[in-house]
2 protein chains.
Amino acid sequence: MKASENNRKSHIREKNYLNILNAAEEVFAQNGFKGSSMNAIAEKAGLPKANIHYYFSNKMALYMEVLQRILVEWNQGLGEFTEQDDPSEVLEHYIASKVLQACQKPHQSKLFASEVISGAPAIADYIRTEMRQWLREKSAIFQIWMDKGLMKPVDPSHLMFMIWSTTQHYADYQTQVLLLLNQQEYETSDYETITRIVTEVILTGVGLTPSWKKQ
Amino acid sequence: MKASENNRKSHIREKNYLNILNAAEEVFAQNGFKGSSMNAIAEKAGLPKANIHYYFSNKMALYMEVLQRILVEWNQGLGEFTEQDDPSEVLEHYIASKVLQACQKPHQSKLFASEVISGAPAIADYIRTEMRQWLREKSAIFQIWMDKGLMKPVDPSHLMFMIWSTTQHYADYQTQVLLLLNQQEYETSDYETITRIVTEVILTGVGLTPSWKKQ
DNA sequence: GTCTATAATCAGATAGAC
DNA sequence: GTCTATCTGATTATAGAC
């Protein structure tokens, strides 16, 4: 087999693979693992059901791939900071990224929420190890900032929960938010409004000043 | 038929009815509407599957009853206040009730979250009418308080979303929170910790003072 | 009112032609 | 690699004995 053929084939493989993953992400996000059918995923991907089984050994394997991809993307995009950084800059940046992520890729947070609501059977281990470790590290940095008097002392873990909940709300409860605001979808101006109020309330709440209020 | 017999029968009916509703609430909360099976509900209720169909015509009818009951309970327990009330007292009380509700009856919020994540097919109408109306009324009160200079001006709807998200987080993401905090379940002391930090950050964030910080 | 048995449909997974 | 046909088991719902 010529190399060019090989490339073309693996290109097709890659394309189908991603197509299925994307379709699965949407369907799983809407109805959770148990509530989603391979049929629904196949239809969304525009393929016969059997093709999915050609690329993924079974439903659970597909689900794990989708979840894995989300966790990897989340770990890349967010949350690396050190005690040397400026507290308000760090929180502002973190909140802004989370809001953007929630509004632009709500499926990801919805799928994650679905998984956690059903008891996190697939990611309990991940939460107990990597996520807990990450939270411990970042909490320690918060604590140092508080000890230095750079911010008001509040429980660091719960502060992180507040950031997660307020931002992810716009993904998980997207349907409710849009219905209440009488909008069809999020617009770019919404990202800014949301980021602004969440940042302002939380930063002020822990004794910090948002950059746009300084001087 | 004697009256006593009639009473006994309707008592049995009531007991079974509630038993099924409670079982259904748990199962639907964990796996959503599509992901839940009548079988699982029957097992949790300790009844043969057919008995459920004796009390509820079908799966959707059972689901709607469960949802209905949650919405009624939520409407009773929370959130009646007027512009004459004191802003910090109102917010403190509202947040405390929501935290208690989230920690004590996480199923309810989980089920609601599940419904909204899947696009709110069963309650879109409720959200568009009653809930939107409620939000408009309360937002108007917030706005009056802000106009009077009693609190810092922020978007009232989004402020409400922040209260909902931070409190409901402890229900919807209960599994994650407990895994991260390395706890088996919420304790009474947790209710207080959570209420305290959420209240403190949000109230301070909108320029109010929690009661325990006054004088 | 309760429960076993069963009809009818749907879902996950595979076989095998192309 | 792709797709139709099909197997097997689960699921909703009902029939009918008790």
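The sequence lines fix the lettering, A, B, ..., with proteins before strands; numbering per chain opens at 1.
For B:N16, the side-chain atoms get nearest to C:dT2 when compared with the rest of D:dT2, C:dT2, D:dC3.
We find the CG-OG distance between B:D172 and B:S109 to be 3.5 Å, quoted to the nearest 0.5 Å.
In this view, A:D190 and A:Q183 satisfy the side-chain hydrogen bond (donor to acceptor under 3.5 Å, both in side chains) rule, not counting sequence neighbours. In this structure, the side-chain hydrogen bond (donor to acceptor under 3.5 Å, both in side chains) partners of A:Q133, at least two apart in sequence or on a different chain, are A:E137. B:E80 is linked by a side chain to side chain contact (heavy atoms under 4.5 Å, CB included) to B:W134, B:K138, counting only residues two or more places apart in sequence or in another chain.
A heavy atom lying under 4.0 Å from DNA chain D marks none of the residues of residues 23-42 of chain A. Non-hydrogen atoms lying under 4.0 Å from DNA chain C are contributed by B:N51, B:Y54, B:Y55, all within residues 51-60 of chain B.
Side-chain contact annotation: B:Y186 with B:Q104, donor-acceptor N/O pair under 3.5 Å absent.
Under the side-chain hydrogen bond (donor to acceptor under 3.5 Å, both in side chains) criterion, the residue pairs touching residues 22-47 of chain A are A:N22-A:R69, A:E25-A:R69, A:E26-A:K44, with sequence neighbours excluded. Here salt bridge (charged side-chain N to carboxylate O under 4.0 Å, His left out) pairs that include residues 97-118 of chain B, with residues two or more places apart or in two chains, are B:E73-B:K105. Among pairs with a residue in residues 55-80 of chain B, those fulfilling ring pair (Phe, Tyr, Trp, His ring centres under 6.0 Å) read B:Y17-B:F56, B:F28-B:Y63, B:F33-B:Y63, B:W74-B:F112, at least two apart in sequence or across chains.
Spacing between atom NE2 of A:H11 and atom C1' of D:dG1 amounts to 15 Å, rounded to whole angstrom units. Distance CG (B:N19) to P (C:dT2): 11 Å, rounded to an integer number of Å. Distance, A:E14 CD to D:dG1 C1': 16 Å, rounded to whole Å.
Two residues are said to be in side-chain contact when any heavy atoms from C-beta on lie closer than 4.5 Å; A:L111 and B:I117 fail this criterion.
For the helix from C:dG1-D:dC18 to C:dC18-D:dG1, the terminal axes (five pairs an end, C1' atoms, rotation from four pairs onto the next four) enclose an angle of 0°, given to 10 degrees.
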Can you name the atoms? Protein N/O to nucleotides 6-8 of chain D N/O, anything below 3.5 Å, with the distance.
none

Sub-3.5 Å pairs of nitrogen or oxygen atoms, protein against nucleotides 15-18 of chain C:
none

May I have the list of side-chain donor-acceptor pairs in residues 155-166 of chain A shorter than 3.5 Å, sequence neighbours left out?
| from | atom 1 | to | atom 2 | distance (Å) |
| --- | --- | --- | --- | --- |
| A:D155 | OD1 | A:S157 | N | 2.9 |
| A:D155 | OD1 | A:H158 | N | 3.1 |
| A:H158 | ND1 | B:Y170 | OH | 2.6 |
| A:W164 | NE1 | A:Y94 | OH | 2.8 |
| A:S165 | OG | A:F161 | O | 2.9 |
| A:S165 | OG | A:M162 | O | 3.1 |
| A:T166 | OG1 | A:M162 | O | 2.7 |
| A:T166 | OG1 | A:I163 | O | 3.2 |

